[in-house]
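Comments concern the structure below.
Along the sequence shown, residues are numbered consecutively beginning with 1.
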Amino acid sequence: MTIKDLKHPGLFAAGVLFGTAGIKALSSKDAKKLYTNCTAAVLRAKKVVLDTVTTIQENAEDIYADAKQINEEREAAEEAVEDVAEETAEEAVEAEAEDTVEA
């Protein structure tokens, strides 16, 4: 029997021992208290993140509504300028036509 043959069962036994000790440590009252506190911290962080997301969404909706209003006002102003320009052009054409007829 060589040392290599004894190494594998020894590693297996150490793994079993470490696993058993690990399970006992993880299921202790102190570990459960730690898990509970960590979970509570995660839930608090989740609430903060969700509140922040809600605030950002509300602000984005307000910004979008304001931007739409600005664009509607600009379109109305541009249409008014175009209407005035068309009327001025029509009056100029009519005045030129009257000048041509009179001459």
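Rounding to the nearest 0.5 Å places CG of Asp51 at 4.0 Å from NZ of Lys47. A distance of 9.5 Å separates CG in Asn71 from CD in Glu78, rounded to the nearest 0.5 Å. The CD atom of Glu86 sits 10.5 Å away from the CD atom of Glu79 when rounded to the nearest 0.5 Å. Here CD of Glu58 is found 10.5 Å from CD1 of Ile56. Values are rounded to the nearest 0.5 Å. Taken from OG1 in Thr52 to CD in Gln57, the straight-line distance is 11.0 Å, to the nearest 0.5 Å.
Using a 3.5 Å distance cut-off with no hydrogens or angles, the side chains of Gln69 and Glu73 do pair a donor with an acceptor.
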